Each structure stands twice: as structure tokens, then as C-alpha cells.
Amino acid sequence: MTSTTTEAPPPPSLPDYVLNPDAVLSDPSITWRHGQPPDYTKTRQFFSQTKRSTHPSTSLPSLVENLVKNWEIEASYKPTLAQWRTIASPDSYTFRVNGSPPQTAAQMLAAGTYNAIIEPNEFYCPARSSFEASHKTFKRVMPSFAWEVLEVYAGPPRVVFRWRHWGVMKGDYVGTNNKGEKVTIKAHGGEIDIEGVAVADVNDKLQLESVEVFFDPMAMFRQMAPGGETGVTKQAAE
């Protein structure tokens with residue numbers, strides 16, 4: 001009698017955008033928003049130096065973290081939806097914040113990632129800031145704004161995870177609020193640290209089909225102005 005050994009099938013190959021946080025930066029023939037791929041070197045260095053969690057390279061938290069980082073690059077710097085590799089379909093993908101109505105990929109692309117997640121408030125108003133202006137506003141405040149996955153509570157196809165977004169307030173905040181007032185908050189050199197939870201549906205290629213984020217959008221502004229109105233100036237709209 002001859003015995004046979006059945007070998008286990010090889011594990012399915014994983015897409016590069018869940019293995020490398022900067023995978024899409026090497027995509028060929030891309031129309032980049034500013035003519036060339038963005039430089040994330042300083043942000044990645046800041047992340048490595050100040051992150052709270054370290055995940056094994058092919059663990060679920062690591063795969064989710066890399067997917068979201070590549071998605072953020074595409075949402076911020078690829079103005080052509082057909083060139084986004086991290087979403088399943090530009091036509092059906094949706095993004096929601098705190099139970100708000102879903103936004104399409106096209107709506108997010110037009111508004112910008114900051115404007116998609118921040119509601120009008122006493123410090124900032126998305127409707128009064130363009131895509132480009134919003135990125136300049138927050139980049140000036142925090143030149144490096146890192147992001148990490150802290151925990152993953154459920155795996156594909158519905159991924160539920162807790163995240164952290166943080167940076168150091170090195171520059172003054174200057175923006176327009178929901179009353180049309182110019183708001184200035186002096187830089188204090190301290191850390192801005194935000195946490196939240198997200199629910200993401202993915203397909204068999206680990207591409208995003210929908211994302212819903214839950215967090216306190218005012219947390220960032222409260223940390224920018226820890227003394228309340230102290231250090232905050234408001235100038236009435238002309």
C-alpha cells in the first residue's frame with residue numbers, strides 16, 4: 001500500500017497595497033495632483049518614532065493599516081478615480097462619518113479628505129475651504145500627521161478597527177469658521193492626538209467597498225486650543 005501526502009494549498013497572494021504603506025506611490029502612468037508622487041518620508045519617520053502599536057508584517061492589523069494608508073494617498077493625491085486601486089468600484093464606494101449620509105468617491109474627491117470628515121463648527125467650515133486650501137491649512141499646523149491601527153475587532157469582509165491620528169502643532173492654525181470668521185490659534189508645540197473607530201467593508205481583493213468612521217471631530221480643535229478662547233482670535237468677515 002502506497003501512502004500519499006496531500007500538501008496544503010499555498011496561501012493566496014496578497015495585493016501590494018496591504019503589504020506596503022507606500023505601494024501606490026510607485027504606480028506607473030499616474031496623473032498626480034501636483035505632477036509627481038507626494039513625499040511621505042518625514043511622516044513615515046515620525047510614525048516609526050512615535051507610534052503606539054507594532055504589528056507583525058502580515059497580521060490583520062498591519063494589512064488594514066497599510067490599506068488605509070494607501071487609500072489616503074489615493075484620496076489626497078490621485079485626482080482620477082479610475083486610478084484608485086484601493087477601492088472596489090468608483091461608482092459604488094461610499095464614505096460616512098458618525099452616521100451622516102454617505103458620500104461617494106466623486107464627492108470626496110471634490111471636497112478633500114479633511115472636508116469629508118469635519119463638520120462645520122466654531123473653528124472651521126468645510127464649505128468655506130477648498131480641497132487645496134484645507135490641506136494647506138492642516139499641513140501648516142502639523143507638518144507630519146501620522147496614522148495607525150490600534151486594534152482590529154473583526155476581520156474581512158467587514159473589518160472593524162480602532163485607529164489613532166496624531167501630530168505636533170508646530171504652526172499656527174488659520175481657518176474660517178461656520179460664521180465666516182477668520183480664526184487663528186497660536187501654535188503651542190504640543191501633541192494633537194485623535195482616536196476613533198472605523199467599519200470597512202472589503203471585497204476578496206481587500207479593496208474598500210464602504211467606510212464608516214466614528215470619532216469626535218472637535219477633539220482636534222480642543223487640543224489646538226486647550227485653554228478654550230485663550231490663544232484664539234476671531235476676526236469678523238468683511
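Bear in mind the structure is a predicted one, so any value in this text is a computation, not a measurement.
- Scanning both residues, T50 and R164, for their nearest heavy atoms gives O-NH1, 3.3 Å.
- Contact of the F138 side chain with the M220 side chain is registered, since non-hydrogen atoms from C-beta on lie closer than 4.5 Å.
- When atom types are taken as modelled, the side chain of Q235 and the backbone of K182 share no donor-acceptor pair closer than 3.5 angstrom.
- Linking ILVMFWY residues whenever their side-chain heavy atoms come closer than 4.5 Å, directly or via other members, places M218 and Y124 in the same cluster.
- With a 4.5 Å cut-off on side-chain heavy atoms, E148 and W166 count as touching.
- Two residues are said to be in side-chain contact when any heavy atoms from C-beta on lie closer than 4.5 Å; K69 and F47 meet this criterion.
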Run the numbers on L109 and W84 for side chain to side chain contact (heavy atoms under 4.5 Å, CB included), then give the verdict. CA-CA 11 Å; L109 185 61; W84 291 22; 3.9 Å; yes

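- Considering only heavy atoms from C-beta on, V213 stays 4.5 Å or farther from I117 through its side chain.
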Stepwise side chain to side chain contact (heavy atoms under 4.5 Å, CB included) test for L25 and W32: CA-CA 10 Å; L25 291 175; W32 294 102; 4.2 Å; yes

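- Of the candidates L63, V211, L67, V202 forms a side-chain contact (heavy atoms from CB on, under 4.5 Å) with just one, namely L67.
- The main-chain N or O of V149 is found under 3.5 Å from a side-chain atom of H55 such that the two form a donor-acceptor pair.
- Grouping the Ile, Leu, Val, Met, Phe, Trp and Tyr side chains by contacts below 4.5 angstrom, directly or via other members, places V64 apart from L150.
- The distance from atom OG of S62 to atom CG of N20, rounded to the nearest 0.5 Å, is 10.0 Å.
- Remark: side-chain polar atoms of Y114 are not paired, donor with acceptor, to backbone N or O of T137 under 3.5 angstrom.
- Checked by atom type and distance alone, the side chain of N115 pairs as donor or acceptor with a backbone atom of S129 at under 3.5 Å.
- Heavy-atom neighbours of K234 NZ from other residues, nucleotides or ligands within 6.0 Å: above the threshold of 12.
- Annotation: side chain of V199 is not in contact with side chain of Y153 (no heavy-atom distance under 4.5 Å).
- A donor-acceptor contact shorter than 3.5 Å is absent between the side chain of Q83 and the backbone of K78.
- Of all heavy-atom pairs spanning P156 and L206, the tightest one is CG-CD2, 4.2 Å.
- Note: the hydrophobic cluster containing L208 also contains L19 (ILVMFWY, side chain heavy atoms under 4.5 Å, direct or indirect links).
- Proximity of a side-chain donor or acceptor of H165 to a complementary backbone N or O of E195 within less than 3.5 Å is not detected.
- Side chain of S76 to backbone of I73: no donor-acceptor contact under 3.5 angstrom is found.
- In this structure a side-chain-to-backbone donor-acceptor pair under 3.5 Å is present from N98 to F215.
- Distance CZ/F214 to CZ/R162: 15.5 Å, rounded to 0.5 Å.
- Rounding to the nearest 0.5 Å gives a distance of 8.5 Å between CG of D172 and CZ of R140.
- Going from atom CG of N178 over to atom CZ of F123 covers 10.5 Å, rounded to the nearest 0.5 Å.
- In the hydrophobic clustering of ILVMFWY residues, with side-chain heavy atoms under 4.5 Å counting as a link, F161 and L14 come out together.
- Across all their heavy atoms, K179 and N177 have their closest contact at N-OD1, 2.9 Å.
- At distances below 3.5 Å, not a single donor-acceptor pair connects side-chain atoms of N70 with backbone N or O atoms of V18.
- Between M169 atom CE and H188 atom NE2 the span is 5.0 Å, to the nearest 0.5 Å.
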W71 and I87: side chain to side chain contact (heavy atoms under 4.5 Å, CB included), yes or no, with the steps? CA-CA 8 Å; W71 167 84; I87 63 174; 4.0 Å; yes

Working for side chain to side chain contact (heavy atoms under 4.5 Å, CB included), residues F131 and H135: CA-CA 7 Å; F131 187 120; H135 276 250; 3.6 Å; yes

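- Nearest heavy-atom pair across K139 and T43 is NZ-OG1, 4.4 Å.
- Distance check, rounded to the nearest 0.5 Å: OH of Y173 to CE of M224 gives 7.0 Å.
- Here the closest non-hydrogen pair linking Y93 and M108 is OH-SD, 4.2 Å.
- Closest of all the heavy-atom pairs between P126 and E119 is CD-C, 4.1 Å.
- Side-chain atoms of K205 and R85, non-hydrogen and from C-beta on, never get closer than 4.5 Å to each other.
- V168 and F145 fall into different hydrophobic clusters, where Ile, Leu, Val, Met, Phe, Trp and Tyr side chains are chained together by heavy-atom contacts under 4.5 Å.
- Side chain of S100 to main chain of V97: a donor-acceptor pair is present (N/O by atom type, distance under 3.5 Å, no hydrogens or angles).
- Side-chain contact between W163 and V68 is absent, with no heavy atoms from C-beta onward closer than 4.5 Å.
- T176 is not listed as a side-chain neighbour of C125, based on a closest heavy-atom distance of 4.5 Å or more.
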